[in-house]
Number of protein chains: 2
Amino acid sequence: MSEIQRPGALYQQVAAAIREAILSGEFAPDSLLPSEAQLMARYGVSRPTVRNAIAALRAEGLIDVRHGKGSFVRSDGQPALTIERRISRTADGKFVMPNGDVWQETEEPSTYRTHTTKTTGQLLQLGEEEALFGCDRLLFDPSTGTRAMHRTLIPLVVADGIPLLGEEPCKRPAAFYRLLTEDGHKLTWSETVRARMPLPDERTTLQLPDATPILHLSRVTHDTDDRPLILEELRIGADRAELTYRITADKQPARRTRA
Amino acid sequence: MSEIQRPGALYQQVAAAIREAILSGEFAPDSLLPSEAQLMARYGVSRPTVRNAIAALRAEGLIDVRHGKGSFVRSDGQPALTIERRISRTADGKFVMPNGDVWQETEEPSTYRTHTTKTTGQLLQLGEEEALFGCDRLLFDPSTGTRAMHRTLIPLVVADGIPLLGEEPCKRPAAFYRLLTEDGHKLTWSETVRARMPLPDERTTLQLPDATPILHLSRVTHDTDDRPLILEELRIGADRAELTYRITADKQPARRTRA
DNA sequence: TGACGTCACTTGTCCTTACGAGTTAGGACT
DNA sequence: AGTCCTAACTCGTAAGGACAAGTGACGTCA
C-alpha cells in the first residue's frame, strides 16, 4: 500500500502516482497495469476514485483501456507516417511537391455541391454562402494502416471559368494542377495546419484511440494574380502521422534518411 | 422531458442529445447549458449519468465547465494567432523567414547541458546520449494572450566547432542564423509538425483548457552539406495558434553562381 | 452607503451497491 | 480428442447518498 500525499483530490493523487510509475519505467510500455480492484486495495480508495484517476490518464493519452482485459501503458512510438511537404524550386521556376502519393481510396469518392462556410470562405477569399464543388474521399495507407479524410473544394466561379470536364478536377486535384501548370499558370500555395480533438464521426471514421487529436491541413492554391483556385483539406490522426516541411537548396540529390 | 432513443449507453444518448442541441444552435456559443440537476430532470437520469455525458462532451472540446458556475458552450473561434512560415527566396539565394517575432519572454531563459534522446537524436542525426547545449524559454504574445514554450538544442560538437560566445547562440537562435549566413553558409531547414495531448506540466504552463492538444514544432537547420546544426522546438496550444506555410513565387530563382 | 455574512445555487469529490458485458481458461460432456 | 459451457476474472454502466468547494446575490449591520 504505497502512500498518497498532499496535492489536491484523492483521484489526482492516485493518477499522479500511476503516472509517475509509468514515466519512471516501473510500468513498461504495452504492459498491463494493475486492475481496478488491485488499485483499490493498493491505494485504499473506492472504485469510482480509481476509475476517475484512470479516466484522467486516458485523457492524457498515457494509457489505453480495453473492456474485459485491463489498462495498458500506451507506447509513445513515433508517428508511423511522415507526410512530406518538400518544396524545391527547379531552375525554370516550377515547384515540385512530392506529396507522398501512397494513398489508396477505400471507397468511391462522393461529389456534391455545397457552399462556403465562414472558415472556407475566408480561405478562398469569398463571402459566405458562395457555391462550391465538393468531393470527399477516404484514404488509406496500407503500409502503415493509416486512414485520412480528404476533401476538395472548388468555387463554381473557378470551375466555370476554366475548360474542364465537370467535376473531374474535384476528384483528381493533381490533374487540375497539371492542367493549370501546362496552361502557363504560375501557381502558389499556402497551407494552414491546425490541431483539434475529433468529432465523434471523425473518431470512428479514422478509428482513433482515446485522447488522440487530429491534424487538419488546409491547402489553398492560388493563381498568378493571387486568386484562390482550389482548397484541399486533409484530416488525419495525430497518433499516426506527422508533417514535415522541408526547404532545400534547389536541385538537391536524394536525401539520406537515417533509420 | 425529451425522449431518449436507442444507440448505446444512456449517458451516450444524453451526450448525443446535448451535442445535437449545441451543433444545431439551440445552445449558442458561450451560452450556459442547463445545470446538472436540470439535465437530470430533463432526461430522467441520475447525476452520475449526467456527469458522464458531460465528461464526454468535455473530452470532445465542445463545452467548458466552471466550478460553481455551470457548463458553457465553447466558442469555436479561429485560433487568435497565426504563426507564419513564409518561405520566399530572394534573388541571391537567401531565405527570408519572417517568424512573427511578436514574442515576449516572460522570464529569464534557463540554459543547461543535456544529451540527445531518441527523438532529438534522430532529428539531429546523432546517436543517443550525445551532449547538447539546451535553452528553454517561456514566450508570451500580449496581443493575443498566447503562451508558448520554446527550446533550443545545439550539439556540443557544433557549438565547439564554430567561434561563438558560449551559450549565446542557444539563447538567440536568430543571431546564430545571421552569423552563419554572413559566414557564407547556405542554410536549409526542415520543420516537423506533430500534435498530441499535453502533459500535466505543459497544461499548466500553457494554461490550456480541457481537451486542447498542443502543436509541437521541431525545426532543424542544416548546413550546406546537410549536417544538422541546431534544433528549435516550439510547443503551443492548438486552441490559440495555427501554422501557415506559404510559398510565393516572388522572383526568379537564383543561379548558383556563388561558391 | 459600504462592508460583510449568509444562503442558495452551481460543480467537485467520494463512497456504497448492483448489474451488464467482454475475455479467458478450465472443466464437463459428447 | 474435441466441443461447449461455465466460472472467474476484467472493465462499463447506472443508481443512490453525502459532503466539500466555488460563485453570486441578497440582506443585514455598522
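Since this is a predicted model, take the numbers as computed values, not measurements. No hydrogens, no waters, no symmetry mates; every other heavy atom, side chains included, goes into these values. Chain naming here is simple, since letters A, B, ... match the order of the sequence lines and numbering starts at 1 in each.
A nucleotide of DNA chain D counts as in contact with chain A when one of its atoms lies under 4.0 Å from a heavy atom; the first and last such, 5' to 3', are dT10(D) to dT13(D).
Partners of Glu191(A) according to the salt bridge (charged side-chain N to carboxylate O under 4.0 Å, His left out) rule, which considers only residues two or more places apart in sequence or in another chain, are Arg85(A), Arg219(A). With sequence neighbours excluded, the residues satisfying side chain to side chain contact (heavy atoms under 4.5 Å, CB included) with Asp136(A) are Ser110(A), Tyr112(A), Arg151(A). Qualifying salt bridge (charged side-chain N to carboxylate O under 4.0 Å, His left out) partners for Asp210(B), counting only residues two or more places apart in sequence or in other chains: Arg58(B), Arg203(B). With sequence neighbours excluded, no residue satisfies side chain to side chain contact (heavy atoms under 4.5 Å, CB included) with Thr204(A). The side chain to side chain contact (heavy atoms under 4.5 Å, CB included) search around Thr144(B) returns Ala80(B), Leu81(B), Asp141(B), Thr146(B), not counting sequence neighbours. Looking at residues two or more places apart in sequence or on another chain, you find a side chain to side chain contact (heavy atoms under 4.5 Å, CB included) between His216(A) and Arg194(A), Arg196(A), Ser218(A), Glu233(A), Arg235(A).
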(Q) Quick one, Val65(A) with Ile54(A), criterion side-chain contact (heavy atoms from CB on, under 4.5 Å). Give me CA distance, side-chain angles, the key distance, then yes/no. (A) CA-CA 9 Å; Val65(A) 181; Ile54(A) 287 183; 4.0 Å; yes
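Legend: side-chain hydrogen bond (donor to acceptor under 3.5 Å, both in side chains) pairs involving residues 14-23 of chain B, not counting sequence neighbours, sorted by first then second residue: Arg19(B)-Glu60(B). Sorted by first then second residue, the side-chain hydrogen bond (donor to acceptor under 3.5 Å, both in side chains) pairs that include residues 63-73 of chain B, not counting sequence neighbours, are Asp64(B)-Arg74(B).
Glu130(B) contributes atom CD, which lies 13.5 Å from atom CG of Leu153(B) (distance to the nearest 0.5 angstrom).
Consecutive Watson-Crick or G-U pairing (both distances under 3.5 Å) extending over three or more pairs maps onto DNA chain C as C:1-30 with D:1-30.
Near DNA chain C, defined here as any heavy-atom distance below 4.0 Å, there are no residues from residues 198-212 of chain A.
Defined by atom type and a distance below 3.5 Å, a donor-acceptor pair is present between the side-chain atoms of Thr119(B) and Gln78(A). Side-chain contact annotation: Thr82(A) with Glu242(A), donor-acceptor N/O pair under 3.5 Å present.
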Q: Sugar-phosphate means primed atoms, P, OP1 and OP2; the rest is base. With that split, encode nucleotides 7-17 of chain C 5' to 3' as B, S or - using protein heavy atoms under 4.0 Å.
A: ---BBBBSBB-
